Structure formats: C-alpha cells, structure tokens
Amino acid sequence: MLHSWEYLLVVLKLRLSLFVFLLLLVVSIGDARLHRTRRFSSSVTEATAETYSKYYNYVELTALLQSLAEKYPRIANLSSIGQSVEGRELWVMRVTKDPHTDTPGKPKFKYVGNMHGDETVSRQVLVYLVEYLLAKYGEEPRITELVDTTDIYIMPSMNPDGFEKSTEGDCSGESGGRNNAKNMDLNRCFPDQFDGMSVSPDNVPEVMAVIRWIQEKKFVLSGNLHGGTVVASYPFDDSASHQQQGLYSQSADDSLFHNLALVYSRNHPVMKTGYPNCPSDVQETFKDGVTNGAQWYDVAGGMQDYNYIYGNCLEITMELSCCKYPFSSELHKEWDLNRESLITYMEQVHIGVYGYVKEAIGGAPLSNVSIVVAGIRHNLTTGKYGDYYRLLLPGTYNITAAAPGFTPKTHYDVQVMDGKAKALNFTLTPVVSRIAVPTPAMPSATSGPDKTTTNSPNPTQTRVSPSEGHSSNPPFPPPEPQAIQPQEFRHHNYADMELFLRKYSNEFPSIAYLHSIGHSVEHRELYVMVISDNPTVHEHGEPEFKYVANMHGNEVVGRELLLNLIEYLCRNYGTDPEVTELVNNTRIHIMPSMNPDGYEVATEGDVKYYKGRNNSNNFDLNRNFPDQFTTITEPRQPETIAVMNWLKSIPFVLSANLHGGSLVVNYPYDDDKDGINQYSPSPDDKVFQQVSRAYSQENRLMHNGYPCKDLDPTAYFADGITNGANWYNVPGGMQDWNYLNTNCFEVTIELSCVKYPLANELPKYWEHNRRALLQFIKQVHTGVKGTVSDDSDGTGIPNATISVAEIDHNITTARTGDYWRLLVPGPYSITASAHGYVPFMIYASVSKDRVEVVDFRLTRIHPDSNGQSPQPTKNPSEKEFQSLIKDLSIGQGLEELVKSTATENSFRYRGYKEQSEFLKGLNLNFPKITSLPRVGHSVEFRKIWVLEISNKPLEAEPSEPKIRFVAGIHGNAPVGTELLLEFAAFLCINYGKNLAITRLINETRIVIVPSINPDGREQAFGNKCTSTQGFTNAHGKDLDTDFFGNASQRVVEAQPETRVMMDLISDKSYTLSVALDGGALVVTYPYDKPVQSVENEGTLKYLAGVYANNHPKIHLGATGCSNNGQTGNIPDGVMRAAERLSHMGSMKDFSMDFGHCPEITVYTGCCLYPPVDQLATLWTENKKALLSMLVEVHKGVRGMVRDKSGKPIVGAIIVLNGGVKVFTTEGGYFHVLLAPGSHNIEAVADGYQQLRQEVVVSSYEAASSIIIEFDMDNSIFGLPREFVVASAAASMTALVVTACIIWCVCAAKSNRQKDGFHRLRQHRDDYDDEIRLTSMGSKKSLLAHEFQDESESDEETLYANKI
C-alpha cells in the first residue's frame, strides 16, 4: 500500500515537471512570436512609406501586397488567380468594403498592368493606386464613396516572368521581356472574334487564368495598362480583313467606348493633347489622345476585345509612357500624370442603368438573363444575384430582359442622364410548358401553395403569376423546353385572319407588332405582322426579312402557313433557342395576304382554276410590277403600289413570295429579253440557287424534283429549284422588281400542287414546310454585313454603295450606314463608296456557316482650293441647323416631321375672292413672318398674289436660299393652288410650335404664288378631269408658251400674267422653283423646248427625283393616266419635260435661261379637276414632298465672293462644271443646287484673277459653304503684267534704235548724192546707166498702185473684175 502511494507520488512529480516545462516552452514561443510580429509590423510601416523611386521585383511586390492586405483587412484582400509559366503568382488586390464577401449591388471593376513584361510603368502606378485607395479611404469622401460602392480588382502584373527578364532604361523593349517565359505575346493569345484561338493553352497559363477570372467575375468595366506611347485605345482591336492599319473597326458600343477613352485622356495632361512626342515616332498623333485599336494597328487575339465579346466587360487599353521601362526616377512623374485619370475612369462604372432581374413567382434572382438595349447589337447577362450593370451614354433607350422559359419584359423610353446610373429592375413571368410532361399526383388545394394563372388560348401553355401572400417556388421543376406546335388548322377568311393577327399582337406586344401597309381595291387592310425583339423600329445591324403570301387570292397554303408561323414564333420565343435567336437577331415581316379581295371569292377545293386569282379589278398582281424587259401597260393596282412603297421604306435583305400550283422554289430572273422560255440568270445567280436550295432541302417532297405527278407527270426540277424564265416567262413579276429596285433578294416558292386544298390537309403542309420556313429565314445571316461610317466622326453614311468585284449588282447602306450583302462562300473584293468620300476596298473571305462582318471607314474628299480660299467658321446655331438638315434627309426624319405636324383642315376649292381673303388672313394673323406685296394683275385685273414667308419678310437676306412655289398656270388644274394655300397655312401655324418648321422658315425665304392664271381658274369647270375650259388666260393664251426672254423670239406682246412672273423670275435671287400642275402623275425637269443636250442635267434630274421619291405614287414610275396616254413605265417617275410635251416659251425654260434658277414641274394627278373629297388625299400625298423641297434648297454649295480686303463682289459669275452660270447677289452671296458628288466651280469677275475650286456635295448634308477671295488681275492680254511691260519697253527701245539707224542711213545717202555731182562729170557714162535702171523700176512701181482703191476689199475687186 505504501509502495503504491510512493509510486503515485513519483508519477505526479514527473508530470508536474513536464507541465511546467511545456508551459515555459509555450510562453517563450509566444513571446518570440510577439517580438517577431512587432518587428514585422515595424517593417510594414516602413514598406508602406512609398518613395516612388524604385521598381518592385516579384519578391518585393509580393511582400508589399501581403503587408497592405494585412494592414487594411476591412477593405483589402489579396489573392492569386493562377500562376505564370515559371510558377509566379498572378496577384490581384481586391479593394472594396467587406472584401472577403461577395455582396450584390456593387459593379466589378478591374485594372490589369504589365501584360507585356517590359512595359513597367503600369505595374508601378497600379501599386501606387492600391496604396492611394487604401490610405485615402475614410479621409477623402470621393475615395471612400468609390471603394464603398465599387468592387475593385487590381492586378499589377499579368506577366511577372517577363518583368524579371526586362532591363530598366530599355525604352524600346530590346531586352526581350515583352513575352512570357514561353515567348508568347499574351496580348495576341486570347480567343479572337474572327480567328478563334490559335495557341496551345499550355503555353499561356497567364491568359487561361485571366479568361477564367473574367468569366467568373462578370466585370463591368476594365482598363488594360501598357507602354510605348501615350494614348487610350478602344475596341475593336482587329477586323475581319486584318488590314494592318487605317481600318476603323467599330463595335456596337463604339460611341460609349470612344467616350470612355476620352474620360481617361482628358484627365491626363499629356495624353489629351494628342501629341505624345515619342522619340520613336515624333510625327505620331492621336486626335484628343484616343484611337480605335484597329485603326491604329491590327491586334488579333487581344484582351480588350475578348472582354467585350465573351465577357460582360467593356475594356480599353491605356498606353502610359513613350519609354517602356523608364528609369525609376520617372515614376513619381508618371504617377502624377495618371492618378486623376485612373480614378475618374473607375468612376465610369457607375453610369448607364443597373438593377436586378427576378422571377415573378418567388422573387428568386435570375442569372444569365440577357439585357438587350434596342439599337445596340451587344447584350450582356445578369450575375448570380440577378444583378446587371449596363453602361450607357445619356439618352433614351428601350431595354429588355429576356431568358429562356420566361416572357421577356421591356421598359420603354428609359431616360439615362449624365452622372449616376439609373435603377431599372425587371420581374419575369415564367412560361411553363405541359407538352409531353408526365403529370405527377398534385397536392390538394389545401396542402399546396396557391397559384393564380392567367387564361391562355393555347392549351399547352400557362403563364404563372404569384398570388398574394405566397413566395414559394413551384412544387415541381420546369420541364425541358420543347417547341410548341400550332394547335388549330383551318382556313381563315378576312375577318378571321384579322382577329387572329390582332390577338397575337396584343398577347405578345414585346415581340409582335401589327400594322397595315395599305388597302386593297375593296378597302381591306393589307396587314403585316412584324416579329422581333424590338419590332417597331429598324435596329442597326439587324437584317430585315419578309414573307409575302396569297398574292394570287386562290393560292391559299402560303396564307395559312404564315399564320401558323406567327403562332409558332410567338409561342416559342424565350423557350426554344432556335426561335429565340432568330427573333432576337432578325426583324421578320409577315404579310399573310397581299390579295384579300381575291381570297374572299376563291373556292375551297380549287385544284388549278383561276377564280379569285386576280384582284377585284381583275388584274394579276404578279404581272403588275414594272419590268426590265417589257412595258407593263396595265394600270398599277393599289395592292401593288402599297407593296412597292413598303419595300422602298425598309431595307429588306431577303424575301420569299409564297404561291401554289406546284412544288418548287423559283428564282430570278422571271422573264427574258427575248420573251422566250430560257435560262435568264441574274448577276447573283449563285446566291439565288443557294437560298433556294436552303428551302427545298428541308422539304423532302419538293427536293426530289418531281412535284405534282398526278397533275403534270413530265415536270421535273433538279433539287426542287428552277430559274423562273427557264420554267416560263413572267413579265411584271414581284421577285424581279425586288432585286432590281431594292436591296432585297426574293424568290417565289410554290408550296402545293393544289391551289386551295381542303382544311383537313393543312396540318401536313405545316409539317412539310415548318423546317424550311425557319431555314430560309436563317439565310439572311449569310454573306457579309457591316457598317459604312465617316472616318472623321464615326457616323454612319446612308446610301453608300457596296459593290462586289465581278458581280454587277450593287446594294446600298441603310440610314445609319448598316448593310447586308448575301454571297456564296468564297473570297471577294468588296468596295464601299459614297458621294464626297474616297472609295475603299477590302478583301473578305465568306464562310458557309456564318456571316462575315466587314466594316468600312470612309475618308471625306477634301476639295482642292489651291490654298486661295479661307474656310468659313461655323457657329453653334449653324451646326445645329446642319444637323437638322441631316436628320430630315436620312431615314424617317421627314416622315416623323409630317406625323408630328398634323393640322386641322377643311379642304374645298376656293374661287378668286376666297383665295384673296385667305391670303390676306394669313398676312393679318402672322404678320411677323409673312408679307403680301402687290406685283401685278391678270387680263381681267385680278391680282396675282405673292406670299413671302420668312422670319424677316420685309428685309433682304441674300445669305439665305430663296425658294419659289407656283401653281395655277393652267386655270383648269386648280389642285396645285389648293395645295399651296394649305402648305402656306401649315407653315404659318406650325411656326413657333414645331422646332424643325421654325428653323426652316428662319433660314429660308419662301415665296408662294398660288395662282398665276386667276382668270382661267374662274372659267374652269369643277369635277372635270379632262376639260380644257380655263386652260388659257382671258385672251385665250396658254401662259406656259408665253415666256420669251429675247425680243426677237416674241411675236406679240407678253400677257400681263406672264410679265408679272418674268419680273419675279428675273430677280435672279432664287435657288429653286417648284411649279404644280395637273393631268399626269410625274415630275419633269428642264427643258420644255427641244434641245439636244441639257447642261447640268444630272442635277435637274436629281432635284425632280427628290420630289418624286418623297411622293408615295410618283416614284413608282407608272400612273395609268388614260386621259393623256400616260400608261407606260416612267423610271422613278421623272422625265425631261420635252419628252412629255415639247413646246417653246415655257416658264421653267425662262427660269433656267434668264433667272438662272432650276425649276421642276410636278403633275399632281391624272385628273385635272378632281372631286373635292380627293383634296385631302392629294395633300397627304404631297405634304412630305413639298417639305422635302424646303430641305433640299439648303443643300448644294453656297458661299460668298469677295476681294482680299473683304469687300463683297456683286455680279461675279459662278460657272458650274464648265457650263451652267449663276451670279452673286447683294453681299457677294451665291447658292447653287447640285447633284451629290464632286463638282468644279469656276469664279470669274472683271478685273480679278479667275479662280477654280472643287467642291463635294452630299445627298443628306447641308450645303458646303465656301469663301472665294479674288486677287487683282495682274495680267494683260492673258499674260503677266511684268512680262507685258518688259516686252513693251524692249519694243520701244528697238523702235528708237531702228529710227536712229534709218536717220543715219538717210543722212549718209544724202551726202553721197551731193558727192555725185562732182563724180558726174568724171563718170557720166556710168551714171547714165544707173539713172536709166532706177527710172525703169520707179515707173513699174507707180503703175502697180496708180488706180487701186484702198477702200475695196480683195473680194470686191475680184467681183468687179468678173463683171
């Protein structure tokens, strides 16, 4: 027992000793660690005292970053996103409030430096930036707010291996540290949008780490810092052609990128100048310190483009210093230069819009939802919290959130202001499909969550909405999306079809838009359903596609298929990837019936007959379009006119016209110049074959080539396609007109052997054609597309021409400069050209499976003025007006003006008395902008009223263009008079209310003469389309044959009405004149008299074309005016006046020859004196065209002629292209209209040197303004004054010398004769001989001149001799 206690005592002592030892050991270790911690903290304090005087190598950089993270744990967190080739960490410092958690609501920003190892300034300034943010947090409100609201990631070195190899002081990168340790340039190794990824991932672990990082974090904004010059570069960095430099490669967010780059450069004292002055290239400059990457030089595989295309991130590249690795003594300066730019650029992450996307049932956040901004072809997606951040410049936007399985939601007219981003949240309603889904045992109503559903006409689809008080998710996960097929197949009459279209337009308003393009003969609407993610407008870069059916009323399969297609696209958008992609990237126009009248009389079961084929006027609509080979004499039908106007208003790319009666795709040309059935290829024959096969290959019955064995056993079409004319000739067809007159490629698809099959057969037609219908739409995304823009400001160039070498068919750009050109795979030489720009050619290779993007940046042609003409300066008001002219000239600008300026009117024909009162009323009600001077009277002493509209109507303003509108030269055609009276009222009423109208009046002198022939107007009979009563004046004279400027041409004295107009025209101050007449539907230009050629005909024809193109009917070129024999095609509705009715003494000829003013005559309708109820329609048709003339008069070339002292020269002659002449008016001003293109101007004035200058005129820009300064003419007889004076002096000297010589000779001779008397005696014999010879010669000479009359000419003498 004692022994046991002793044993226990020993054990306790040992254990106690061991415990004491361990305790002392722990204390000593802790004390040592405490000392080490203190020493480390001291070293940290020393390390963070930045000196800006040394570079940090990898070890030093690591230690510094770790110490900063430890010192500022509340706002800094250091991590590595991967390793370099040599195993160095790729450090990233995260700076934000609570940096260890991922909190929604803060946009993510990043800076990446030292991507090229020898470009080291970026590495250091990012270290300084980290230190600055951490040190100033809590001290400076600006930095505190930035860190609190932004998730900032800073990577000082992406290429630490390269940095270790580089040498300080190496400015040009000769040390070899640019690339990584595998000798790979990291900024050439990212996946490229044009070339993909061509390097092994094993060779670029740095790139792969950054790619993973970008994909994980969903950054919003980024900067990539480099060295070698001083500039901010923005996407795209390369182009499809990889042209080495000079090619502007524009992204969808080009304006935003440009602005972001400017934010950095404008805050950098050196960069903003645009003159880096780098020793390596002292001539290199960058406007405003920024540049498009590809325009500078092409960089394939760059990081900034990868961020934009494959991440949510917008990134630009900043080049910080001329020297890549400057000495460390330069670092403080570089930090000072870049500090403000770095901070201000980070703050840009908070512009635009931001918000959350949640689902409607439980409010759960939705990730990967597409955020779509209308008009910007670049989407981004939401993060894991459903958050998104969309950078945008100030403006108005339509923004949509769309996700598979959910109904898209659009916020319209979102106002983005300058400054902080606008909050914009979305709640999406899921669409739950029940097709082919097993139905589980559902919980009872009491046990499960309550749900409310909105009724849907489609039994396979339910839109689920949350009920109040419940936020639980659906009890079952949604099934895999499956395409929803149409459920009902029946024939839809007009009323049924109309209700169907209205239903889908109302049910799917975010993607479906229903409108009418016109009316049939029986006034049925010609409906078109537009399906797209933004269906109401053309989005830049998005192609326009159309289907048209039921052109022949009894061919009905296409009509029903298109209704099925509308249902299919609407029901499957957001759930089916194929449909969603098509709708998001294409604007699809669907016209189910072009001939609704014909359909109503057609009969179900009709196999091959013609009842209902034609329209209600019994015309075949597919023989009613203008034709290239045949003159179509049938009157143009309202359905045809409506479709032609529709096609002219939208830049369609591809189309199909659906018919019945066979199974084949028929492509242009549809007829042949010889009128026989033979192959008639178009220039794009290969393209047409390609798109035709795309359809036929998806329809098995069609593709086998034997379409209708029962009806036509011999018919065979290889691959189910055929050239139209090779099958049979169709003159006046719609598909050829599409191709020849628009950008649109159209084919005709015959869908059924039976024209009007029974309703129970319709499902099989859908099954045979549904894949083909979709596949054909996809063909619009083949070939090439892009934008043609101005190199100086990046704005799109409308109506630029895209030509492809060896294909004789051009297309033109849309109003914002975008284009699409269908091509088969292969290499091409593509050229873009536009008036006033240098054409540019690019080689492109077209692949089979995608569209190639080929953008063009065109450089303006700079006129050569030989350095003699100063350029006028533009004030802000002038710039605003020029912008207005451009807006009104492009796209829908004028159309929108017309819609926004509707006025109440009550049309009627006004007699002379009422006209006079109306004009006086305008003058009394609008005295500040109108004047009504007395200029003369008619034969019967009725006043000829002249109304002037201007902001200063009583003052001469020679610098403003002056336009003349006249009507009523023939009294039996009073429509023009009523149109001008309404036009005058329209302008006056909208002055001060509509900005565009106000500016046009302020900048224009508008003269309106509503009735030249008031006597004839009083004599005219109403409602008479062909009556000649009132055609002449009271003396029976056709006034349009009474304008003669030369007295020798005039037989009788001019009529009083003519004298009034001649005095008005002879003012020579007019820029343009528009005369309105009736009895036809055409616009004519000078001359009426028969002449072989017309000087400046291109301009005259162009001006007439402007009016015609803005008229809904005239530009179509065919009127069917049976009363005057005008039944053929008139190209573009424009012709030379003499070709219509040649005569002498016309007003337009007088205006040209003696007023030096171009005048066009508009014939407003076939009927001379139509019923009064047609006046409103005629006003609607002409309103836009009349306004277009007010816009057009501000184009061309305007300027001032003066001498060197600034004195204006009045009466100087301006010679255009060596022919047409105009004269300068008071103040030396001139204004002349010219067709778009380059023109030569020659200025001539007495006593001054002659000057020549080239000018460029645009179709959509205000007049080019020039100043011509004359110098005194120092020439005499066309030779320099100095030369002439010297020559004269020399001649006078020669004459004096000659006179002296003659005098000396005569004096000497006189002396010899005196000496001769002495010699006479000595040599008498010799002297007698000399006298004898001399006298013989003298007599001969005297006889020759004795009877010659010096007043007679040689011819008169000869004539007298003959007598």
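As the structure is a prediction and not an experimental result, all values here were calculated from the model. Numbers here are sequence positions counted from 1.
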*Where do S370 and N379 land on the side-chain hydrogen bond (donor to acceptor under 3.5 Å, both in side chains) test, with the steps shown first?*
CA-CA 6 Å; S370 293; N379 304 337; 5.1 Å; no
*asked:* Just checking F776 against F545, ring centres under 6.0 Å apart?
replied: yes
*Measure centre to centre between the rings of H515 and Y527, then say whether the value is under 6.0 Å.*
no
*pair I511-L569: side-chain heavy atoms closer than 4.5 Å*: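 No, too far: nothing below the 4.5 Å cut-off.
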So with a 6.0 Å cut-off around [atom1] of [X], is the heavy-atom count from everything else above 12?
X: E581; atom1: CD; answer: no
X: R771; atom1: CZ; answer: yes
X: Y610; atom1: OH; answer: no

*What distance do N595 atom CG and N614 atom CG have between them, rounded to the nearest 0.5 Å?*
8.0 Å
*CA sep, side-chain torsions, deciding dist, call: F745, Y739, side-chain contact (heavy atoms from CB on, under 4.5 Å)*: CA-CA 5 Å; F745 289 47; Y739 179 67; 3.9 Å; yes
*Looking at H781, R377, K778, E542, which one forms a side-chain hydrogen bond (donor to acceptor under 3.5 Å, both in side chains) with N585?*
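For N585, the side-chain hydrogen bond (donor to acceptor under 3.5 Å, both in side chains) test succeeds with only one of H781, R377, K778, E542, which is R377.
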_Could you check whether any side-chain N or O of Q487 sits under 3.5 Å from a backbone N or O of Q485, counting only pairs where one atom can act as donor and the other as acceptor?_
yes
*So does D576 pair up with R571, basic N to acidic O under 4.0 Å?*
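Salt bridge between D576 and R571, a charged N being under 4.0 Å from a carboxylate O: no.
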*From CA spacing to verdict: ring pair (Phe, Tyr, Trp, His ring centres under 6.0 Å), Y765, F489*: CA-CA 10 Å; Y765 287 109; F489 295 89; over 10 Å; no
*Compute both the distance and the angle, then confirm whether K409 meets the cation-pi test with F426: under 6.0 Å from the six-membered ring centre, within 45 degrees of the axis.*
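No cation-pi geometry.
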*Tell me yes or no: between the side chains of T714 and D712, is some donor less than 3.5 Å from an acceptor?*
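Yes.
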